[in-house]
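Input: a single structure, listed below in structure tokens.
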Amino acid sequence: MNSEIKPESEKSLNFIEVFVEEDMKNNRFGKHIHTRFPPEPNGYLHIGHAKSICLNFGLAQKYGGLTNLRFDDTNPVTEDVEYVDSIKEDVRWLGFDWGDREYYASDYFDTLYAYAVKLIEKGLAYVCDLSVEEIANNRGTPTRPGVESPFRNRSVEENLKLFEEMKNGKYKRGEKVLRAKIDMASPNMHMRDPILYRIIHEPHHRTGNKWCIYPSYDFAHGQCDSLEKITHSICTLEFEVHRPLYEWFIKELEIFPSRQIEFARLNLTYTVMSKRKLLRLVKEGYVNGWNDPRMLTICGLRRRGYTPASIRAFAERIGVAKRDNIIDIAVLEFCIREDLNKTAPRAMAVLNPVKLTLINYPEGKTEMLKGKINPEDENSAFRDIPFSKHLYIERDDFMENPPKEFHRLSPGKEVRLKYAYIIKCVDVIKDASGHITEIICTYDPETKSGLPQANRKVKGTIHWVSEPHALKAEVRLFDRLFLKENPDEVDEGHDFTENINPDSLKVAEALCEPSVDGARNLQSFQFERIGYFCCDKDSTPQQLVFNRTVTLKDTWAKISGKM
RNA sequence: UGUCCAAUUGUGUAACGGUAGCACAGCAGAUUUUGGUUCUGUCAGUCCAGGUUCGAAUCCUGGUUGGACAACCA
């Protein structure tokens, strides 16, 4: 090894990319790859799905292939078109395009039925009359072999007849199932005569009443991959034990040999990820719906102000591997700050106001000051910010008896009002209970931004808004939904809801500079020195509403917290 | 008392028998009209025990720890 800088093309690969490159080199699938994203339309997509979406679409992009969107809709009991639409919207919003390759497992029901018949004819599948309980009991346990079904050795003819009768609706749910005939003593539970078809007298969101038997996941997923000529079928670790079955079907059905590769699903600190728990948060009213900005659903993140680019960057940054992982939520927050810092227009807003009056500034005068819309952008345009005698500043930016580390306003001290003047506190007015109601300052006209005197050193710079020009806005201050890194860490008999943060949402009235007027839904701003905020869909011209996406890094909070 | 999978700084992720690197987080400093950004520096790691080898995070054996698997869910 020498110290040469590695070119981009030699950047390290994740283990899936290693497999793909090996396969390409060995010509396993020819010169191209083809992936798929296979959601079940029974819930909303979350950040964990985003990882999978970025992985599947990202791989295809990298190696010049295509990605299909395929709905795994083999269970009409739980699935619905409502979810199909939201899933498509979310994938598209994330920035991925599946072209015209929108497929459904239900598109293949006829073929799947024919595959089942083929297995019966080969003597590899049989109709079983055992009840749910009996099948479960006969399956054994991971450490104890199962026992064979008494119906295991029916003739091919009888199986064919019975299976057709199942399809024709002759039997009720639970009366019969079609099972593969593999090995009831296999150490792998999934090989113990798995169920291929079950009877469900329920209309399907796409096939209506055509079918009353539906294929199981194992009998549908892999075959759909195969029918679509998917080269690399990427799924999460819990399907690893299904892989022998996946490959058994490919072999016995003699179909296109898609390759299943498993990776570790995403976990994040201070949140829950399972569909079941997310559903409870919604159903039990801990949050206001699936798109509540505190939810790590794609639609929740969108409403919170996360951008597609930030989520893609996150997926890239966390990597892919097979070991269980818990990603620090700070990584996600870093990614959105990184993006918004470069793109979000700046504005000043005061969230917790206290009045400030400039005694030597003319009453009734208004000046228009200039502020860069985005200082990160060299070519940034300017915005107009009105200034007057009567202002509001952040209550936290004033301290009567400050420690020496405090760089803001205090009696007798100077501070800069951003884009405006250097001011000096000369008096403090309090009410009967000692609560500060107004801060009295003088301003130095020589220090207006742009003037030579403005370059004078001062300890700090604070934001402000002009009282007569301020725009009121509702701000929704979101914080993490759970108090513990691992919300599932609870005492016996309790559950994760115990760890919900009671202060995950605080609503305040902010006073904003006029440039935020007319903000559109999903439009992001940086409220200077505070954080990134995004206009909510509840916002109207009469009542602006902003969601706090994430705070700015707050070094002062860290310092003051230690004191 | 089973099968499969995994184990690298606090958290992720590289290193494919040859200098343990990168990112986030932390800490310290510089710059700054955002206590933001940016920049610099810094802390900190190969689960354990054997073996193979000139050389092991990497290969082998045994252990330990964690995870998955016993829906007619996916």
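What you see below is based on every heavy atom in this structure, not just the backbone, and it leaves out hydrogens, waters and symmetry mates. Residue numbers start from 1 in every chain, and the chains themselves are labelled A, B, ... in the order their sequence lines are given, proteins ahead of strands. Values in this document were obtained by computation on a predicted structure and should not be read as measured data.
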Quiz item: Base, sugar-phosphate alone, or nothing: which one does A:V77 contact when heavy atoms must sit under 4.0 Å apart?
Solution: nothing
Quiz item: Reading nucleotides 33-45 of chain B 5' to 3', which nucleotides get B (base under 4.0 Å from a protein heavy atom), which S (sugar-phosphate only), which -?
Solution: BBBBS--------
Quiz item: What integer number of Å spans the C1' atoms of B:rU19 and B:rG55?
Solution: 13 Å
Exercise. Look at the aromatic rings of A:Y113 and A:W211 and report parallel, tilted or perpendicular, splitting at 30° and 60°.
Key: tilted
Quiz item: Taking the six-membered ring for Trp, are A:Y197 and A:F163 ring centroids under 6.0 Å apart?
Solution: yes
Self-check item: A:L130 side chain near A:P150 side chain, heavy-atom distance below 4.5 Å
Solution: yes
Quiz item: A:S186 near the nucleic acid: base, sugar-phosphate alone, or nothing, with a heavy-atom cut-off under 4.0 Å?
Solution: nothing
Quiz item: Just by protein heavy atoms under 4.0 Å, how would nucleotides 64-69 of chain B read 5' to 3' in B, S and -?
Solution: ---SSS
Exercise. May I ask you to say what A:V132 touches in the nucleic acid, namely base, sugar-phosphate or nothing, with a heavy-atom cut-off under 4.0 Å?
Key: base
Quiz item: Which nucleotide, B:rC73, B:rC24, B:rA14, lies nearest any side-chain atom of A:S12?
Solution: B:rA14
Self-check item: B:rU40 versus B:rG67 - spacing of their P atoms, nearest Å
Solution: 41 Å
Exercise. Look at A:R154 together with A:D129 and state whether they make a salt bridge at an N to O cut-off of under 4.0 Å.
Key: yes
Quiz item: To the nearest Å, how far apart are A:E17 CD and B:rU13 C1'?
Solution: 12 Å
Self-check item: Near-ring test A:H221/A:Y217, centroid separation under 6.0 angstrom
Solution: yes
Quiz item: Which whole-number value in Å describes the distance from A:F219 CZ to B:rC73 P?
Solution: 16 Å
Practice problem: Would you indicate what A:S131 reaches in the nucleic acid, counting non-hydrogen atoms under 4.0 angstrom: base, sugar-phosphate, or nothing? | Solution: base
Quiz item: On a whole-Å scale, what distance lies between the P atoms belonging to B:rU38 and B:rA56?
Solution: 41 Å
Exercise. Round to a whole Å and report the spacing from NZ of A:K322 to P of B:rA7.
Key: 9 Å
Quiz item: Looking at the side chain of A:Y217, which of B:rG2, B:rA70, B:rA74 is the nearest nucleotide?
Solution: B:rA74
Quiz item: Charged N to carboxylate O under 4.0 angstrom, A:R206 versus A:D73?
Solution: no
Quiz prompt | d(CZ, A:F314; P, B:rA25) in whole Å | solution = 13 Å
Quiz item: Which comes earlier along RNA chain B counting from the 5' end, the contact point of A:I200 or that of A:K51, where each point is its nearest nucleotide?
Solution: A:K51
Quiz item: Hey, which of these two, A:D328 or A:Y197, hits RNA chain B nearer its 5' end, going by closest nucleotide?
Solution: A:D328
Exercise. With syn defined as a glycosidic angle within 90° of 0 and anti as everything else, classify B:rA44.
Key: anti
Practice problem: Please tell me which of the listed nucleotides, B:rC72, B:rC24, B:rC73, lies nearest to the side chain of A:N75? | Solution: B:rC73
Quiz item: Taking the same atom, C1', in B:rU11 and in B:rA25, what whole-Å distance lies between them?
Solution: 7 Å
Self-check item: Gap in Å between the two P atoms, one belonging to B:rU58 and one to B:rG51, rounded
Solution: 14 Å
Self-check item: Salt-bridge criterion met for A:K448 and A:E367 (N-O under 4.0 Å)
Solution: yes
Exercise. Over 60° means perpendicular and under 30° means parallel, so classify the ring planes of A:H46 and A:H49, tilted if in between.
Key: tilted
Quiz item: How would you label the contact of A:N14 with the nucleic acid (heavy atoms, under 4.0 Å): base, sugar-phosphate, or nothing?
Solution: sugar-phosphate
Exercise. Before accepting this row, confirm whether a basic side-chain N of the pair A:E165/A:K176 lies closer than 4.0 Å to the acidic partner's carboxylate O.
Key: no
Quiz item: Would you write out the dot-bracket form of RNA chain B, 5' to 3', with Watson-Crick and G-U pairs under 3.5 Å, [ ] for crossing pairs, | for pairs to other strands and . for unpaired bases?
Solution: .((((((..((((....[..)))).(((((.......)))))....(((((..]....))))))))))).....
Quiz item: Would you say the side chain of A:C224 lies within less than 4.5 Å of the side chain of A:R36, judging by non-hydrogen atoms?
Solution: no
Practice problem: Anything under 30° is parallel, anything over 60° is perpendicular, the rest tilted; go ahead and classify A:Y421 against A:F387. | Solution: tilted
Quiz item: Would A:K370 count as a cation-pi partner of A:F382, with NZ or CZ less than 6.0 Å from the six-membered ring centre and within 45° of the ring normal?
Solution: no
Quiz item: Does OP1 or OP2 of B:rA71 have a side-chain N or O of A:S216 closer than 4.0 Å?
Solution: no
Self-check item: Rounded interatomic separation in angstrom, taking CZ from A:R317 and P from B:rA14
Solution: 15 Å
Exercise. Write down the distance between CD (A:E485) and C1' (B:rC24), rounded to a whole number of angstrom.
Key: 13 Å
Quiz item: Is A:R70 salt-bridged to A:D225, cutoff N-O under 4.0 Å?
Solution: yes
Exercise. In whole angstrom, give the distance that lies between atom CD of A:E316 and atom P of B:rU13.
Key: 13 Å
Quiz prompt | Heavy-atom closest pair, residues A:P403 and A:M563 | solution = CG-CE, 3.4 Å
Quiz item: What integer number of Å spans the C1' atoms of B:rG50 and B:rG18?
Solution: 23 Å
Self-check item: Span that lies between the C1' atom of B:rC72 and that of B:rU13, in whole angstrom
Solution: 41 Å
Self-check item: Distance test, side-chain N/O of A:R192 to OP1/OP2 of B:rG2, below 4.0 Å
Solution: no
Practice problem: Mind checking A:L369 for me? I need base, sugar-phosphate or nothing, with any heavy atom below 4.0 Å counting as a touch. | Solution: nothing
Practice problem: Please measure how far the C1' atom in B:rA44 lies from the corresponding atom in B:rA23, and state the result in whole Å. | Solution: 15 Å
Practice problem: Starting at atom NE2 of A:H201, determine the distance to atom P of B:rC72, rounded to an integer number of angstrom. | Solution: 17 Å
